[in-house]
Amino acid sequence: MNEILERAEKLGLKIPHITAEEIDKQVKPVLRQMEKNGIKIDVAVLQKLDKKLSIKITKLEEEIQKLAGRKFNVASPSQMADVLFKDLKLPTDDLKKTKTGISTAAHELQKIADKHKIIAPILEHRELAKLISTYLKPLPLLVDENSRLHTTYSLETSTGRLTSSEPNLQNIPIRGTYGEDIRATFVAEKGMKLVSADYSQIELRVVACLAQDKAMIQAFKNGEDIHARTAAEIFHIEQSKVTSEQRRKAKAVNFGIVYGQTPYGLSQTLGISVEEAGEYIRNYFDVHIGIKDYVNEMIDLAHSEGYVETLLGTRRYLPNINSHIRFIAESEERMAINMPVQGTAAEILKLAMIELNHKLIRGSVNSLIRGDKSTSQQVNESTKPRLLLTVHDELVVEAPEKDAEGVGKLIKDTMEQVIKLCVPMTVEVGIGENWAKAK
DNA sequence: ACAATGGTCC
DNA sequence: ACTCGGACCATTGTA
C-alpha cells in the first residue's frame, strides 16, 4: 500500500481495496461494451450545419483575400504569415515566434486584432475550418446502419486517463458559436434520453485531499464557490466583493495549480504581466500551505525515487527529472505535480464506471424506481439503460425516457459514493434528448 | 512518411 | 531564452 493511501486510511476515509492494475482489468470489458453500444448522431442536422458553414467559409476566404490584396492559401500558416507580416507589415513585436517564423495562432492574432480589419475574418475562418474538417465532414462517414458512432477507448496514457480515437469523442465541441449546435447532434434513440453526469471540480477536490490543504478542504465541505474564494484570497478582498473578472483570473490560478503553475505560464494564459501573475501565485501559496507542501513533496519524491504515483498506485516514472538541462527537469517536475492528481481522478471515474455498469446490467433501476422486480414487462436489449461515453470527469448514459430520472439518481449516487475522500465528490446530472440539453 | 503548426476537449 | 497537466486529429509543406 502506498504512502498516500496509508495516510488517507488513517483519516478514516473509505478507499476501495483495489489496485490500479485490477481497476484497469475490470474496466476493459466495460469499455468494450461502450464501444459496441455507440452513440447516435443526427446525420441530417450535422450535414445541414456543414452546408451552412461551408458557404460561410467560402465568403470569408474571399473577404480575407480581398483585404490581403491577393489570392493565397488561407489554411497555410506560412502563407498567412507572409501576408500579415510582409505584405501588410503588421507589427510582430508582441507575437510568439515558431521554429519557422512568426506564429499565426489565434491567441497571438488576437493581440493585433485592432491593427487591421483582416484579423477578424481570419479568426472566424479558422473556427469554421476546424469544425468542418474535424467534425462536420468526417463524423457522418463513420456512422453504422443505425447512425451510431463507435469510438475506440484505450488505457495507454502516462497518467491513467482514458483516450478515445477513431473518432475521438472526448473533444467534441461545446464552447464557441457552434459548439452547442454540434453537441446537439449527439442524440438519444426515440423513446430514450441521454443522461449526463459529471464530477464537479474533481481534480481540485482530489488535490485538496492529497495535499490535506485545510483551506481548500473547508471550502469544499462548505459547498463554497471555489473560484470566488480563491479570488478573495489572491486579491485580499472579501468574497462578496469579487468581480467576475477577478473570479476568471482566480479560476485560471486554480487550474494552474494542478499543472505545476509558473508565473510565466499564468501570465500567458491571462494576458497579464509575469509580475502580476507571480503575485497571484505567491498570495495563493500564502493561504494554501498544504498545496505548497504537496508540490514540494512530489518534486522531492520524483527526484529521490524516480517516480510518483496516484492514490491507488498507478505509477509514472520520470527518468529525466535530474537532467542538467533545466527545461527538461522542470518539465518533469510539473508532471510530478500533475500526474497524481489527474491519475487519481481517472481512477475514481473508472471505479464509478465499473460499479455503475454492474448496477445497470443487474437492472438496479427498475427495482430502485418502481420497487418491484417484476418481469411482466420484458426488458429487452434496446430499452435497457446503457453506458455510452466517458469524457474524463463525465459519463453519458442512454436510458428509456420513463427511467431517465431514476437512472440519473443512480448514476449520481454511484459516482458520489464510489470513494470517500476528505471532501464530498459532488456530481451534477442533466437529462435531455441530446447531449447539449443533457448538460 | 513525417515534422510543424494549429485547434478541439477535460 | 523560455514554460503550466493529459489527449487526438486536420492541413500544409518538406523529404
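Quick note on labels: first sequence line is chain A, next is B, and so on, each numbered from 1. No experiment lies behind these values; they were computed from the predicted model shown.
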Determine, stepwise, if the pair A:Lys292 / A:Asp286 fulfils salt bridge (Lys or Arg N to Asp or Glu O under 4.0 Å).
CA-CA 9 Å; A:Lys292 189 179 180 178; A:Asp286 283 345; 5.5 Å; no

If every non-hydrogen atom of A:Pro16 is compared with every non-hydrogen atom of A:Leu351, which pair is closest and at what distance?
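Distance-wise, the nearest heavy atoms are CG-CD1, 3.8 Å.
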
Polar atom pairs (N or O), protein with nucleotides 1-3 of chain B, under 3.5 Å:
none

Donor-acceptor pairs under 3.5 Å, side chain of residues 115-122 of chain A to any protein atom, not counting sequence neighbours: which ones?
unit_1   : atom_1 : unit_2   : atom_2 : d
A:His116 : ND1    : A:Ile118 : N      : 3.0

Provide the distance between the two P atoms, one in B:dG6 and one in C:dT3, to the nearest whole Å.
13 Å

Rounded to whole angstroms, how far apart are [atom1] on [X] and [atom2] on [N]?
X	N	atom1	atom2	result
A:Lys96	B:dG7	NZ	P	11 Å
A:Glu180	B:dT8	CD	C1'	16 Å
A:Ile325	C:dC2	CD1	P	15 Å
A:Leu136	B:dT8	CG	C1'	13 Å
A:His392	C:dG5	NE2	C1'	12 Å
A:Tyr259	C:dA7	OH	P	13 Å
A:Gln268	C:dG5	CD	C1'	17 Å
A:Tyr135	B:dC9	OH	P	6 Å

Using the disulfide bond (SG atoms under 2.5 Å apart) rule, collect all pairs that involve residues 408-439 of chain A, keeping only residues at least two apart or in two chains.
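Qualifying pairs, neighbours excluded: A:Cys209-A:Cys422.
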
Which is true for [X] with a 4.0 Å heavy-atom rule: it touches a base, it touches only sugar-phosphate, or it touches nothing?
X	value
A:Tyr264	base
A:Ala106	sugar-phosphate
A:Val391	sugar-phosphate

Counterpart residues, salt bridge (charged side-chain N to carboxylate O under 4.0 Å, His left out), relative to A:Glu355 (two or more places apart):
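Result, salt bridge (charged side-chain N to carboxylate O under 4.0 Å, His left out) vs A:Glu355: A:Lys359.
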
Salt bridge (charged side-chain N to carboxylate O under 4.0 Å, His left out) filter on A:Arg315, not counting sequence neighbours, yields A:Glu309

One thing to verify: whether A:Lys439 and A:Glu394 come together as a salt bridge, which I'm taking to mean a side-chain N less than 4.0 angstrom from a carboxylate O.
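A salt bridge is present here (some side-chain N lies under 4.0 Å from a carboxylate O).
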
Is it true that A:Arg386 and A:Glu189 have a side-chain N and a carboxylate O under 4.0 angstrom from each other?
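So A:Arg386 does not pair with A:Glu189 through a salt bridge.
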
Nearest listed nucleotide, side chain of [X], among [options]:
X	options	value
A:Asn338	B:dC10, C:dG5, B:dT8	C:dG5
A:Ser133	B:dC10, C:dA10, C:dG6	C:dA10
A:Gln342	C:dG6, C:dT3, B:dA4	C:dG6
A:Ala105	B:dG6, B:dT8, C:dT3	B:dG6
A:Thr104	B:dG6, C:dG6, B:dT5	B:dG6
A:Arg326	B:dG6, B:dC10, C:dA1	C:dA1

Would A:Arg282 and A:Glu279 count as a salt bridge (Lys or Arg N to Asp or Glu O under 4.0 Å) if you check the C-alpha gap in whole Å, the side-chain angles of each, and the deciding distance to 0.1 Å?
CA-CA 5 Å; A:Arg282 276 200 313 279; A:Glu279 190 184 330; 5.0 Å; no

Which residues satisfy the side chain to side chain contact (heavy atoms under 4.5 Å, CB included) test with A:Glu203, sequence neighbours excluded?
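Only A:Arg161, A:Val258, A:Val341, A:Gln342, A:Ala345 meet the side chain to side chain contact (heavy atoms under 4.5 Å, CB included) criterion with A:Glu203.
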
Side chain to side chain contact (heavy atoms under 4.5 Å, CB included) partner of A:Leu395, chosen from A:Leu389, A:Leu388, A:Leu349, A:Val427
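Only one option passes, and that is A:Leu349.
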
Which residues within residues 61-87 of chain A lie with some heavy atom under 4.0 Å of an atom in DNA chain C?
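Close to the strand are A:Asn73, A:Ala75, A:Ser76, A:Ser78, A:Gln79.
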
Under a 4.0 Å heavy-atom cut-off, which of residues 158-175 of chain A touch DNA chain C?
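Going residue by residue through residues 158-175 of chain A, the ones with a heavy atom under 4.0 Å of DNA chain C turn out to be A:Ser158, A:Thr159, A:Arg161, A:Thr163, A:Ser164, A:Ser165, A:Glu166, A:Asn168, A:Asn171.
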
For the backbone of A:Ala20 and the side chain of A:Lys350, can you confirm whether one donor and one acceptor N or O come within less than 3.5 Å of each other?
no

Neighbours of DNA chain B within residues 46-54 of chain A, by heavy-atom distance under 4.0 Å:
none

In residues 109-125 of chain A, what residues come within less than 4.0 Å of DNA chain B, judged by heavy atoms?
none

Kindly say if A:Arg316 contacts the phosphate of C:dG5, meaning a side-chain N or O under 4.0 Å from OP1 or OP2.
no

Would you say A:Asn434 and A:Arg183 make side-chain contact, with heavy atoms under 4.5 Å?
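No. Closest side-chain heavy atoms not under 4.5 Å.
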
Just so I know, are the side chains of A:Asp393 and A:Ile348 near enough to count as touching, which here means a heavy-atom distance under 4.5 Å?
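They are not in side-chain contact.
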
Decide salt bridge (Lys or Arg N to Asp or Glu O under 4.0 Å) for A:Glu416 and A:Lys412; before the verdict, give the C-alpha distance in whole Å, the side-chain angles of both, and the deciding distance to 0.1 Å.
CA-CA 6 Å; A:Glu416 288 182 346; A:Lys412 180 176 163 72; 2.9 Å; yes

Side-chain donor/acceptor pairs under 3.5 Å, residues 325-337 of chain A, sequence neighbours excluded:
unit_1   : atom_1 : unit_2   : atom_2 : d
A:Arg326 : NH1    : A:Glu330 : OE2    : 3.3
A:Glu332 : OE1    : A:Asn320 : N      : 2.8
A:Glu332 : OE1    : A:Ile321 : N      : 3.1
A:Glu332 : OE2    : A:Asn320 : ND2    : 3.2
A:Glu333 : OE2    : A:His303 : NE2    : 3.0

Listed once per pair and sorted, the side-chain hydrogen bond (donor to acceptor under 3.5 Å, both in side chains) pairs that draw on residues 55-64 of chain A, sequence neighbours left out
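Sorted pair list: A:Lys56-A:Tyr178.
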
Salt bridge (Lys or Arg N to Asp or Glu O under 4.0 Å) for A:Asp144 and A:Arg148? Distances and angles first, verdict last.
CA-CA 5 Å; A:Asp144 68 11; A:Arg148 299 183 82 92; 5.7 Å; no

